[in-house]
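Read through the structure below, which is laid out as structure tokens, and then see the notes.
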Amino acid sequence: MQTASYLHTFPYCSYRRSLFKSDGWNKLQIPYSSRLPEKVVLIGRPQTCKLLRPLKETRLCAVPNTDDGHPSVSVLEDSNMNHAPTSEEETLFSKWSPPRYLWRGFSALILAGQVIIRTLKGKVHWKNTLQQLRRVGPSSVGVCLLTAAFVGMAFTIQFVREFTRLGLSRAVGGVLALAFARELSPVVTSIVVAGRIGSAFAAELGTMQVSEQTDTLRVLGANPVDYLVTPRVIATSIALPFLTLMCFTVGMASSALLADGIYGVSINIILESARRALKPWDIISAMIKSQAFGAIISIVSCAWGVTTMGGAKGVGESTTSAVVISLVGIFIADFVLSYFFFQGVGDSLKNL
């Protein structure tokens with residue numbers, strides 16, 4: 001008995017996500033008799049299918065199977081075929097997402113712009129603003145004054161010891177006054193407020209965000225920026241200059257008392273030296289700095305709060321990050337403002 005094989009090729013679609021499934025061998029049942037046909041004709045109805053990726057062309061070969069007497073179809077892949085690029089090419093940044101700190105920084109800038117626009121338009125929730133002003137101002141006076149008093153006494157110990165040894169005891173008051181007015185009072189007050197008020201802002205807004213309370217405000221027709229963010233920014237920017245002025249006064253008073261009681265430098269000498277050294281611009285610059293620091297604290301804290309994700313853990317991380325970023329922003333802004341406010345050679349101590 002003669003045996004023969006006939007190879008007939010026809011296109012075959014092989015794709016794992018399509019309707020066709022290939023197991024490596026697909027049997028094609030063809031009636032077989034002792035007399036081999038001269039031709040094997042495979043007739044199929046034309047079908048169309050939509051695939052997400054280009055198809056891989058495969059050849060099917062019908063050969064007689066010596067085991068059961070029926071021909072089978074084997075799959076032969078064309079290894080010389082060049083595969084075309086995918087139809088849906090992935091772009092360079094399709095799977096890239098910006099770092100969290102980057103889009104949070106952009107959100108803080110956008111939030112600051114919204115606060116300025118809403119304030120200029122007069123869309124401010126004044127009742128909430130007064131509540132936040134009471135919270136930032138009177139509630140923070142005690143810790144701010146206590147911190148300023150001890151910082152002033154610590155600086156007095158360092159300055160009075162060295163200046164008295166050099167015979168410059170009359171310059172102690174002027175140096176302390178300039179240091180407190182230009183740097184210490186606004187920076188120390190802002191650090192205390194950032195730790196006490198900024199963390200509270202971030203925690204409150206973060207909790208409201210993860211519990212979807214901000215979405216509830218939108219459903220009720222209230223703008224969260226008008227109701228939550230703008231009052232906090234206005235209250236912090238107004239209260240911080242007054243806290244700075246009070247801290248400056250307490251710091252100078254504690255320094256004068258310590259210098260008089262321990263080092264024998266009269267209070268009148270210190271106050272007269274401070275009066276000669278200080279100028280109106282020194283106090284004005286301290287107020288401007290503290291107002292800028294207050295805006296940085298409130299905007300950063302609110303921005304980090306409204307972008308909180310991840311439940312209670314996310315709230316804790318946002319609170320910590322908000323305080324850290326606020327402190328970094330305060331130090332950077334202090335350098336920039338000091339550079340522009342106090343350029344050139346100073347002459348504040350020449351009259352002492």
Side-chain angles (χ1 to χ4, degrees), residues 136-196 238-294 327 330-331 333-335 337-352:
V136 176
S139 299
S140 302
V141 169
V143 63
C144 289
L145 296 183
L146 186 65
T147 304
F150 281 97
V151 170
M153 288 188 290
F155 268 77
T156 302
I157 293 174
Q158 303 299 327
F159 281 111
V160 173
R161 289 178 65 250
E162 302 300 330
F163 277 54
T164 303
R165 184 176 303 174
L166 296 175
L168 300 175
S169 58
R170 291 184 175 275
V172 172
V175 173
L176 289 175
L178 291 177
F180 268 98
R182 294 180 178 180
E183 299 296 333
L184 291 180
S185 294
V187 172
V188 170
T189 306
S190 300
I191 290 174
V192 173
V193 172
R196 186 182 183 277
I238 293 176
L240 208 57
F242 292 98
L243 290 175
T244 300
L245 189 59
M246 296 172 65
C247 288
F248 169 74
T249 304
V250 172
M252 285 299 301
S254 62
S255 298
L257 292 176
L258 182 66
D260 187 23
I262 296 180
Y263 296 101
V265 180
S266 175
I267 296 179
N268 295 327
I269 295 177
I270 293 178
L271 295 181
E272 181 65 20
S273 175
R275 185 187 66 81
R276 292 181 178 180
L278 281 179
K279 296 181 180 179
W281 174 245
D282 297 323
I283 305 298
I284 295 174
S285 64
M287 305 290 280
I288 295 175
K289 278 187 177 183
S290 59
Q291 194 169 20
F293 297 160
L327 295 179
I330 288 171
F331 297 144
D334 180 55
F335 166 74
L337 293 177
S338 298
Y339 178 79
F340 286 104
F341 287 165
F342 308 107
Q343 289 184 354
V345 179
D347 57 353
S348 298
L349 299 178
K350 66 180 182 179
N351 294 326
L352 298 180

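What you see below is based on every heavy atom in this structure, not just the backbone, and it leaves out hydrogens, waters and symmetry mates.
- Taking every heavy atom of both residues into account, Ala149 and Ser254 meet most closely at O-OG, 3.2 Å.
- Side chain to side chain, Arg196 and Ser140 meet the donor-acceptor criterion of an N or O pair below 3.5 Å.
- For the side-chain hydrogen bond (donor to acceptor under 3.5 Å, both in side chains) test, no residue two or more places apart in sequence or in another chain qualifies with Arg161.
- The two residues Ser255 and Gly152 come nearest to each other via the heavy atoms OG-O, 3.1 Å.
- Asp282 is listed as a side-chain neighbour of Phe342, based on a closest heavy-atom distance under 4.5 Å.
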Review point. For Ile283 and Leu245, what are the C-alpha separation, side-chain angles and deciding distance, and is it a side-chain contact (heavy atoms from CB on, under 4.5 Å)?
Key: CA-CA 8 Å; Ile283 305 298; Leu245 189 59; 4.3 Å; yes
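- In this structure, CZ on Phe155 lies 9.0 Å from CG on Leu176, to the nearest 0.5 angstrom.
- For the atom pair CE of Met153 and CD of Gln158, the computed distance is 13.5 Å after rounding to the nearest 0.5 Å.
- Under the 4.5 Å side-chain criterion, counting only non-hydrogen atoms from C-beta, Phe248 is not in contact with Pro186.
- Residues Ala239 and Val136 approach most closely at CB-CG1, 3.8 Å, considering heavy atoms.
- A distance-only check finds no donor-acceptor pair linking the side chain of Asp260 to the backbone of Leu257 [under 3.5 Å].
- Between Phe293 and Asp334, the closest side-chain pair of non-hydrogen atoms falls below 4.5 Å.
- Residues Leu243 and Cys144 approach most closely at CD1-SG, 4.4 Å, considering heavy atoms.
- Considering all non-hydrogen atoms of both residues, Pro241 and Met287 come closest at O-SD, 3.5 Å.
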Check your understanding: Taking it one step at a time, do Leu240 and Gln291 satisfy side-chain contact (heavy atoms from CB on, under 4.5 Å)?
Key -> CA-CA 6 Å; Leu240 208 57; Gln291 194 169 20; over 6 Å; no
Practice item. For Phe242 and Val141, run side-chain contact (heavy atoms from CB on, under 4.5 Å): C-alpha distance rounded to whole Å, both residues' side-chain angles, the deciding distance at 0.1 Å, then the answer. Key: CA-CA 10 Å; Phe242 292 98; Val141 169; over 6 Å; no
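- Heavy atoms only, all atoms of each residue included: Ala148 and Phe180 are closest at O-CE2, 4.3 Å.
- Atom CG of Leu278 is separated from atom CZ of Arg182 by 8.5 Å, given to the nearest 0.5 angstrom.
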Give the table of side-chain donor-acceptor pairs shorter than 3.5 Å for residues 261-271, with sequence neighbours excluded, one pair per line with atom names and distance.
{"residue": "Ser266", "atom": "OG", "partner": "Asn268", "partner atom": "N", "Å": "3.3"}

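- Residues Glu183 and Lys289 meet the side-chain proximity criterion, which asks for heavy atoms closer than 4.5 Å.
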